[in-house]
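Before any comments, here is the structure.
Model, not experiment: these values are computed from the prediction. Ligands are counted one by one from 1 in listed order, and the atoms in each one are counted from 1 as well.
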Amino acid sequence: MKSDILNIAVIGYGYWGPNLARNFFAAGANVAYVVDKDEKRLASAKRAYPMVEVTSDIDNALRDTNVDAVAIALPVSFHYQIARMALLADKHVLVEKPMTESRQSAEELIELALRKNKVIMCDHTFLYTGAVKKIHTLISENALGQLQYFDSIRINLGLFQNDVNVIWDLAPHDISILYYISGEQPVSVSAAGLSHTKNSIENIAYLSIFYQSNFIAHINVSWVSPVKIRRTMIGGKSKTIIYDDVEPTEKVKIYDSGYTVSNDEKNMFMVDYRVGDIYIPKLDTTEALKNMAQSFCDAVTKSIKPESDYSLALKVVTLLESAEKSLKNNGKEYKL
Ligand SMILES: NC(=O)c1ccc[n+]([C@@H]2O[C@H](COP(=O)([O-])OP(=O)(O)OC[C@H]3O[C@@H](n4cnc5c(N)ncnc54)[C@H](O)[C@@H]3O)[C@@H](O)[C@H]2O)c1
């Protein structure tokens, strides 16, 4: 680094790029360049940040030795190519989720970053939310008892992507959360889904993820739901969390309800139900992307390992790739 402040080029200034730029400034970094092929997007960046260099030529940012890092918010099909160019130009790389479109390309990027001694990290934003951080803490303190299931619905109307299906677009959120909170490696995945459009890109899908222990996960993602639902249920042996990300404040609720199973004197199967209190914890309300941007800066300047480091990002891509194979093969179970 040539200065005390990390100089970043944000590449891609469509929907998500402006959020990255704003939060890198909030985290104390400097956005030196905004790159986009669309002149209107560049004009918008210039209006918001008159001191930022805007360009449609990525090489302008990559050639500038004052630029320490790039943050890539391009469509998924460009992630590998542009991240590789940035690493070859000796830049640290933050890439949007999912890291790449295949396990092999993710592994290549990681290997290149390690060889170049550069950070490569993926923005799995949800790991930096107050809600998911709280759930992670509760599970690590064994507040739910042994984990039994994870059941997630992430559906809304649009945005249809034209380079990846709904699994690659929306399921990275759930899969990254799942890896982060469960800490357990899944053994296999099975997926079903359909395209209702002419381009054969699936717009609705259901993933089942299997584990060695008594834990199972299910994820439903869709671009065709008239209502937006973001609800995850995480069941443990003693308590259950309901995480509703659409709720403005009370996003996480812990239900102290459950059941115990026993046999009576005639050896008949008996279930006792217990309905207890509901506890609503206070959550950190810092914007997740600010935490993520800070985490990237800390990885570059202080070598602090981020939550969404390259190994988690690789696991997410690996699972997505197997889920897609399963989806194309009528739900066949694929080992991970
Ligand atoms: N972390 C999250 O919660 C989250 C949310 C939304 C999107 N994303 C991710 O962000 C990325 C971008 O998504 P988006 O919704 O902002 O897409 P978008 O289509 O709105 O924006 C992409 C921008 O990239 C520009 N672009 C495309 N190809 C280019 C090229 N070759 N050179 C320069 N500019 C180019 C386009 O002009 C556009 O402005 C995707 O990887 C997506 O998965 C992440």
Side-chain angles (χ1 to χ4, degrees), residues 9-24 31 33-48 52-62 70-86 89 93-102 105-106 109 120-132 152 154 156-177 180 201 221 223 228 230 232 245-246 287-296 306-308 312-313 316-317 320 324:
V10 171
I11 304 181
Y13 200 77
Y15 164 55
W16 203 246
N19 294 331
L20 288 181
R22 177 171 54 78
N23 280 288
F24 272 118
V31 176
Y33 284 84
V34 166
V35 182
D36 201 295
K37 65 174 186 184
D38 182 341
E39 290 297 333
K40 287 198 191 111
R41 299 312 303 149
L42 294 179
S44 164
K46 198 72 186 166
R47 271 195 307 277
V52 168
E53 292 275 348
V54 296
T55 174
S56 57
D57 185 352
I58 290 175
D59 285 334
N60 287 340
L62 296 186
V70 302
I72 301 170
L74 296 169
V76 182
S77 47
F78 290 100
H79 289 187
Y80 167 73
Q81 178 202 344
I82 304 300
R84 185 170 176 278
M85 279 169 63
V93 171
L94 170 81
V95 61
E96 263 312 319
K97 62 81 200 164
M99 188 186 226
T100 57
E101 285 179 300
S102 75
S105 53
L109 288 184
I120 183 158
M121 165 179 162
C122 185
D123 172 20
H124 285 297
T125 318
F126 277 88
L127 308 196
Y128 300 90
T129 58
V132 173
S152 188
R154 187 175 298 277
N156 47 261
L157 197 55
L159 294 171
F160 278 78
Q161 305 290 315
N162 53 28
D163 59 344
V164 289
N165 68 17
V166 71
I167 292 188
W168 287 86
D169 183 39
L170 295 182
H173 295 312
D174 305 285
I175 298 170
S176 60
I177 294 170
Y180 180 54
I201 295 182
V221 281
W223 294 325
K228 179 172 177 170
R230 298 275 184 272
T232 307
D245 198 52
V246 176
E287 186 172 350
L289 261 194
K290 183 178 173 213
N291 291 332
M292 193 287 302
Q294 187 65 61
S295 170
F296 180 67
E307 304 294 6
S308 57
L312 185 133
V316 173
V317 169
L320 290 167
E324 172 141 32

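Counting only heavy atoms, the protein never gets under 4.0 Å from atom 19 (O) of ligand 1.
Residue D169 places no N or O, backbone or side chain, under 3.5 Å from any N or O of ligand 1. Of the N or O atoms in Y15, one or more lie within a sub-3.5 Å distance of an N or O in ligand 1.
The local environment of CZ in R22 is crowded, with over 12 non-hydrogen atoms from other residues, nucleotides or ligands closer than 6.0 Å.
Distances from ligand 1 to the non-hydrogen atoms of Q161 include no value under 4.0 Å. Contact annotation: H173 has at least one heavy atom less than 4.0 Å from an atom of ligand 1.
Residue-ligand proximity, R41 to ligand 1, at heavy-atom distances under 4.0 Å covers atoms 39 (O). Distances below 4.0 Å separate heavy atoms of P75 from the following atoms of ligand 1: 22 (C), 24 (O), 27 (C).
Between W16, Y128, F126, it is W16 that holds the heavy atom closest to atom 6 (C) of ligand 1. Nearest residue to atom 23 (C) of ligand 1 from L42, D36, L74 is D36 (criterion: closest heavy atom). The heavy atom nearest to atom 12 (C) of ligand 1, out of those in S77, A73, G14, P98, is found in A73.
Looking at E307 and Y128, their side chains come closer than 4.5 Å, going by heavy atoms from C-beta outward.
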